[in-house]
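Below is one structure, written out as structure tokens, with a few remarks after it.
As the structure lists them, so they are numbered: ligands from 1, and atoms in each ligand from 1. Residues: numbered from 1 along the sequence shown. It should be emphasised that the depicted structure is a prediction, and the values quoted were computed from it without experimental measurement.
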Amino acid sequence: MAKITFIDAQGTARTVEGETGATVMEVAIRNGVPGVEAECGGACACATCHVYVDDAWAEAVGGPEPMEEDMLDFAYDVRPTSRLSCQIRVRDDLDGLVVRTPERQG
Ligand code: FES
């Protein structure tokens with residue numbers, strides 16, 4: 001398990017428990033975290049699960065694979081730490097992870 005904090009564009013933080021092996025997108029959806037839409041259900045085909053990984057966690061989380069990078073082109077306001085949350089697996093060593101959700105998806 002890993003605690004994950006989602007901070008929305010207004011600055012509201014929500015901390016939830018993420019199951020190891022689930023994706024950060026699944027954790028957001030299961031816990032009703034707003035700001036993550038995940039229209040394609042995690043197939044890396046919609047870019048509506050876009051998040052910004054907090055700078056302190058960017059290295060631990062790592063960068064996107066080429067397929068994700070291509071899909072990120074469709075995301076709104078992409079930044080250097082942008083990731084698609086359906087492509088980030090929860091690991092025990094990501095306990096405390098902080099991600100921000102963009103002002104809007106798509
Ligand atoms: Fe569609 Fe992540 S849920 S790309």
Legend entry - Per-atom contacts of ligand 1 with Cys44, taking only distances under 4.0 Å to non-hydrogen atoms: 4 (S)
Inset, instruction - Give the numbers and elements of all ligand 1 atoms closer than 4.0 Å to a heavy atom of Cys40. - result: 1 (Fe), 3 (S), 4 (S)
Legend entry - Between Ser85 and His50: side-chain donor-acceptor atoms closer than 3.5 Å: no
Inset, instruction - From the options Gly42, Ala45, Ala47, select the one whose nearest heavy atom is closest to atom 3 (S) of ligand 1. - result: Gly42
Legend entry - Nearest heavy atoms of Ile88 and Arg83, plus distance in Å: CD1-CB, 3.7 Å
Legend entry - Metal site atom 2 (Fe) of ligand 1: N/O/S of Cys86 inside 2.8 Å: yes
Inset, instruction - Tell me whether the guanidinium CZ or amine NZ of Arg14 lies under 6.0 angstrom from the six-membered ring centre of Phe6 and within 45° of its axis. - result: no
Legend entry - Shortest non-hydrogen separation from Glu19 to Met1 and the atoms involved: CA-SD, 3.7 Å
Inset, instruction - Within a distance under 4.0 Å of any heavy atom of Cys46, pick out the atoms of ligand 1 and give their elements. - result: 1 (Fe), 3 (S), 4 (S)
Inset, instruction - Would you check if there is a donor-acceptor pair between the side chains of Asp92 and Thr20 at a distance under 3.5 Å? - result: yes
Inset, instruction - Taking both backbone and side-chain atoms into account, decide whether Cys49 has an N/O/S atom under 2.8 Å from atom 2 (Fe) of ligand 1. - result: yes
